[in-house]
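Values below: all heavy atoms of this structure, side chains included; hydrogens, waters and symmetry mates excluded. Whatever order the structure lists them in is the order used to number ligands and atoms, beginning at 1.
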Amino acid sequence: MTHKHHDIELNLKHQFGFDSFRQGQQDVVQRLLDGKSSIAIFPTGSGKSLCYQFTALYLPHPTLVVSPLLALMKDQLEFLQSHNIPAAKIDSSLSFIEYNQVISDVRSGQTKILMVSVERFKNERFRQFIESVPLSMLVVDEAHCISEWGHNFRPDYLKLPQYQNELNAPLALLLTATATKEVKRDMARKFSIDEDNVVQTGFYRDNLHLNVEYVPQHKKESVLLDYLSTKAGAGIVYVTLQHQADEVAKVLKQAGLNARSYHAGLKDDLRQEIQTDFMQGKLNIVVATIAFGMGIDKANIRFVVHYELPKSLESYSQEIGRAGRDGNKSDCFVMANLDNISTLENFVYGDTPEKSAIEALLNHIDTETDQNRWEMQLIPLSNQTNIRQLPLKTLLVQLELIGVLKPLYAYFAEFKFKFLVDENQILHEFVGERAEFLREIFLFSAKKKVWASFDSDGFFKRHPASRKRVVTALDYLHEKGYIELQSKRNTEVFEVNSALLKVSELAKDLANYFQEKEIKELRRIASLLDFFQQDTCLSVNLCRYFDDDHFNNLEKQGCGHCHVCVSGKLNIPAATTAIAPDLGKLQQTLQELEFKFTQVIGEPPTMDSYCRFLAGIASPFLTRVRARTIQGHGMCAEIRYADIRQILLSLK
Ligand code: ADP
Ligand code: MG
């Protein structure tokens, strides 16, 4: 299929109202129209979505867009609908009737673009449906999430290449703003995309001034106030923790600045209000955690401050990328010190499961498997194995990828409902066998004061093989407004290939996998620290980190407006040295922890449990023994994890 340049431009104007393509867009569109799967790496806000939105109109079958965040889909969907492009999403907000409408429009090919979140694939009904319709293209938004080398790794993303095969989608398009060389290579390999079909546009933004200063923790508030007193216009101050956002915003407000805090702990409508006020210029400064940003497309943000070091260079580049979209000079300011490095590192350590925990998980699967079926609920399993939910999901996906597990379906182990219409009146609406079936369901639903809970065990003994029907029936009554339904305890059912479940071998491999992952993450933090202390141009180094070779002259001369070009290399003094703990106190604390573990968990803590306790890192077991109530919890939070380990080893 070839399309003349001029047709394409005409359609761009006609369909989207844009006069011309932005950099990179046409390269990607052309590749896709030539039948080549591609990767588009453009900075945030530069129009990656258009690559699939435009192409989808030329493809015979619908395009499926997978995204990690429902909020991202909403904006894109509104955009498409406002341009009369038949697009839809499937998420849990759809009513029964809406869902059916979407499905039939996709089936008939009328819908050109269907958007779902990656979790949707866990839904059996959706999988059956989507496998039954022909698709032309699978689009993966925020595609760096697929790589263990990247930031924001999402275990569910690992299965997307497999889904592409199962769905028979001939084309894949991966979109991301941030990809290092490793991530690029990894994405391309996983989706078998040729290197020639990776389109990367320039990363460098000449209107962003990258400033970084050493600011000791106790001076941060006053330095920030001084800084803001020199700034006009809109800006974002990024902090790490929610309470910090509230505190800093309060300080700014007290100083008479038009500022508010924003984080995931606020109610949805309040967050919406803050975002709208900021977009409309009624609010000047947002003090926010990283929850603020996705979908913020405001052209005239004049400054972005990092109150703490950003989490990674990937986050840094995305966050500063929100400044100066209008091309006018904008300032990016990092207040650096090394005090929170151990906090950053501790996020990493907390997500590495211990080998013994992996072994326990595998043994658990082995013994709990009944006729090749294993059922699991994430939270109890996490509590039982002492593996946090995210790494636990990662482990299960790894087991899927090597063929030990195969997901079959998921169901809710518990249903509760309350009658909104009188029971008999509901029954009256139905006749014959259907009425009988409902009567049986109600019979097996013991009523407490308000809620009736459905006794599935009892019911299915009498009516085997009717699970699906019960779910459909209850769903239907809920849609009709006859009952309010609550489903709980999502249970996933897997088929287990026991021949492949070699516990000690697998445990070793998986422990190695997580070890490597930990090393990568720690290296990412180290490169962040190195970055801010370079003695060459920061803009050039940022481009280099993201494997962008568009900086040509920049390399020799430097950008002329970053911290290094203006003031030279920055030295960040070592962290305010953490005081070594009192060994007597430490011994006492550890004994208490050991006592609690033996009592509650039935075994003494492992080395990692001791370390996590002292570092103040959460883990399922530590939550179970209510570690926070034990005196000495987090007493070594300022000490690097590796050093805590050393202290403990020296005690033995
Ligand atoms: P990204 O996903 O790369 O962060 P988006 O796809 O969300 O960016 O696009 C950002 C904005 O740019 C959107 O408002 C979009 O409508 C606009 N845009 C995209 N392509 C063009 C174009 N060729 N001309 C003008 N505006 C465009
Ligand atoms: Mg995007």
- Item | salt bridge (charged side-chain N to carboxylate O under 4.0 Å, His left out) partners of residues 48-66, not counting sequence neighbours, each pair once | none
Which N/O atoms of ligand 1 sit under 3.5 Å from a protein N/O, and at what distances?
{"unit_1": "ligand 1", "atom_1": "3 (O)", "unit_2": "G47", "atom_2": "N", "d": "3.2"}
{"unit_1": "ligand 1", "atom_1": "3 (O)", "unit_2": "K48", "atom_2": "N", "d": "2.9"}
{"unit_1": "ligand 1", "atom_1": "3 (O)", "unit_2": "K48", "atom_2": "NZ", "d": "2.8"}
{"unit_1": "ligand 1", "atom_1": "4 (O)", "unit_2": "G45", "atom_2": "N", "d": "2.6"}
{"unit_1": "ligand 1", "atom_1": "6 (O)", "unit_2": "K48", "atom_2": "N", "d": "3.3"}
{"unit_1": "ligand 1", "atom_1": "6 (O)", "unit_2": "S49", "atom_2": "N", "d": "3.0"}
{"unit_1": "ligand 1", "atom_1": "6 (O)", "unit_2": "S49", "atom_2": "OG", "d": "2.6"}
{"unit_1": "ligand 1", "atom_1": "8 (O)", "unit_2": "G47", "atom_2": "N", "d": "3.1"}
{"unit_1": "ligand 1", "atom_1": "12 (O)", "unit_2": "R22", "atom_2": "NH1", "d": "3.1"}
{"unit_1": "ligand 1", "atom_1": "20 (N)", "unit_2": "Q25", "atom_2": "NE2", "d": "2.9"}
{"unit_1": "ligand 1", "atom_1": "23 (N)", "unit_2": "S20", "atom_2": "O", "d": "2.9"}
{"unit_1": "ligand 1", "atom_1": "23 (N)", "unit_2": "Q25", "atom_2": "OE1", "d": "3.1"}
{"unit_1": "ligand 1", "atom_1": "26 (N)", "unit_2": "R22", "atom_2": "NH2", "d": "3.3"}

- Query: Residues two or more places apart in sequence or in another chain: which of them pass ring-ring contact (aromatic ring centres under 6.0 Å, His included) with F16?
  - Reply: none
- By side-chain contact (heavy atoms from CB on, under 4.5 Å), Y204 pairs with (sequence neighbours left out) D206, S539, C543, L554, C559, H561
- Do NZ/NE/NH1/NH2 and the carboxylate oxygens of R120 and D156 come within less than 4.0 Å? no
- Task: Specify the closest pair of heavy atoms between A336 and V212, including all atoms of both residues, with the distance to one decimal.
- Result: CB-CG2, 4.0 Å
- Message: With ring-ring contact (aromatic ring centres under 6.0 Å, His included) as the test, pick out the partner of H306 among Y316, F532, Y227, F333.
- Response: Y316
